[in-house]
Amino acid sequence: MRNWMRICSGLVVLANVSGAAPIERIDSLATEVAPAVIAWRHHLHAHPELSNQEEQTAAYVATHLRELGLEVQTGVAGHGVVAVLRGGKPGPVVALRADMDALPVTEDTGLPYASTVTADYGDKTVGVMHACGHDAHVAILMGAAEVLTAVRADLAGSVKFIFQPAEEGAWPAPAWGAKQMIQEGVLEDPKVDAIFGLHVWSSMPSGVIGFRPGAVMASSDFLRITVRGRQTHAAAPWAGVDPITVAAQITLGLQTIASRQVNILHTPSVVSIGTIHGGDRNNIIPDEVEMTGTIRTYDPAVRAEYHARVTRTAERIAEAAGATAEVYIGADTGYAATINDTGLAEEMTDVIARVAGGAERVKRDVRSTGSEDFSFFQQAVPGVFFFLGVTAEGQDPATAAPNHSPRFLVDDAALETGVRAMAQLAAEYLERHAP
Ligand SMILES: [Zn+2]
Ligand SMILES: [Zn+2]
């Protein structure tokens with residue numbers, strides 16, 4: 001029998017039991033820990049923290065992991081927390097990752113545990129909300145840590161729990177989040193052999209898993225184009241060089257990259273201009289226009305191709321008008337495409353189907369043009385990232401408030417599937433790769 005043990009912080013610990021293979025016991029352990037996971041998620045939801053400010057979240061996580069008896073390291077890449085669980089049998093090292101940061105969004109869900117937190121953001125005061133569901137990721141991974149600790153004796157290897165700060169970005173810092181954790185050695189000592197991560201997603205029903213080998217999320221590169229002309233009276237444009245018409249031509253020209261230049265049968269791609277700023281007055285053509293935007297691709301080669309084509313298109317259109325265009329593409333600050341290791345994804349397909357409750361509850365065609373810095377882990381070790389549906393029964397996932405919306409909702413019932421998925425993937429990976 002498993003016993004519940006209440007400890008001072010109010011966390012719940014499943015007593016260590018041994019006997020059946022861990023794979024069979026994990027599902028019932030996940031069911032038992034689910035009410036606690038829901039409570040942790042509600043607490044985290046009410047106390048969101050912006051990227052690189054996850055101090056209280058990190059302390060909450062670290063306390064839980066220490067009470068489980070794990071080796072805990074804090075202060076990794078800012079507020080990152082890493083814990084190692086060493087199984088009772090020899091084997092490889094598998095990592096599970098959750099991101100911890102919230103967004104500058106003012107919550108409008110009306111939930112009893114809705115956030116009322118505000119924070120300084122740039123020169124403004126903003127509401128702070130777990131509008132991307134990272135609170136669910138943290139609670140799920142806390143639950144998976146608890147479940148796997150309960151079957152520790154039977155695990156064939158080690159599990160590294162990675163609680164990551166600053167997934168949503170901290171530009172213009174030189175590095176943050178996953179990238180910074182890797183630079184600080186999170187994948188070493190013990191060396192990680194494979195990694196799994198999940199994202200809660202509004203566009204699927206609660207508990208349904210979206211999963212596919214290959215690219216699941218896009219690369220994301222910040223784009224800035226500065227067009228320089230020569231200022232003149234707007235009534236006499238021939239006396240100068242108009243950067244506004246050039247900016248308009250560049251905006252349209254960039255759209256021919258996806259539609260005319262890149263093979264659309266191979267992979268989708270997007271370039272969008274989000275801001276255009278230039279001029280101070282209606283009857284003056286300004287010297288300069290600044291545009292910013294984003295480039296999204298699913299393939300490293302296409303990404304590199306885009307960088308060259310965007311630069312060429314902007315520079316040559318400007319040149320044709322006698323202007324110049326200076327193109328900055330922040331590949332150093334951007335995220336690579338999130339590409340699931342094909343072999344590992346195929347190998348784990350049966351596990352995903354089992355935890356989702358059958359192959360019919362797994363969506364294989366899911367892809368997002370959003371981006372994730374989980375991609376940096378995947379560049380270093382084989383990794384699989386999957387989506388967990390969180391739109392409650394009775395609501396249409398197609399019209400549910402999406403991630404980053406002030407009305408984004410996570411169905412509590414999906415959390416148990418998340419715990420089961422993370423714990424089962426880790427245990428199965430270790431079992432299948434044990435010496
Ligand atoms: Zn997000
Ligand atoms: Zn997210």
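Predicted, not measured: the structure shown is a model, and the values here were computed from it. Whatever order the structure lists ligands and atoms in, that order sets their numbers, starting from 1. Numbering of residues begins at 1 and proceeds along the displayed sequence. Just so it is clear, the values below take in all heavy atoms, side chains as well, and ignore hydrogens, waters and symmetry mates.
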_Once salt bridge (charged side-chain N to carboxylate O under 4.0 Å, His left out) is applied, do any residues pair with Arg303, and if so which ones, sequence neighbours excluded?_
Asp221

_Candidate list Phe377, Trp201, Phe374, test ring-ring contact (aromatic ring centres under 6.0 Å, His included), partner Phe385, passing option_ = Phe374

*Closer than 2.8 Å to the Zn ion (ligand 2), which protein N, O or S atoms?*
Cys132 SG, His134 NE2, His199 NE2

*With a 4.0 Å cut-off, would you call Asp373 and Arg97 a salt bridge?*
yes

_Does Tyr121 have more than 12 heavy atoms from other residues, nucleotides or ligands lying within 6.0 Å of its OH?_
no

*Does a sphere of radius 6.0 Å around CD1 in Ile264 hold more than 12 heavy atoms from other residues, nucleotides or ligands, not counting ones at 6.0 Å or beyond?*
no

*Taking the Zn ion (ligand 1) as the reference point, name the nearest N/O/S atom of His404.*
NE2

*His42/His45 aromatic ring centres below 6.0 Å*: no

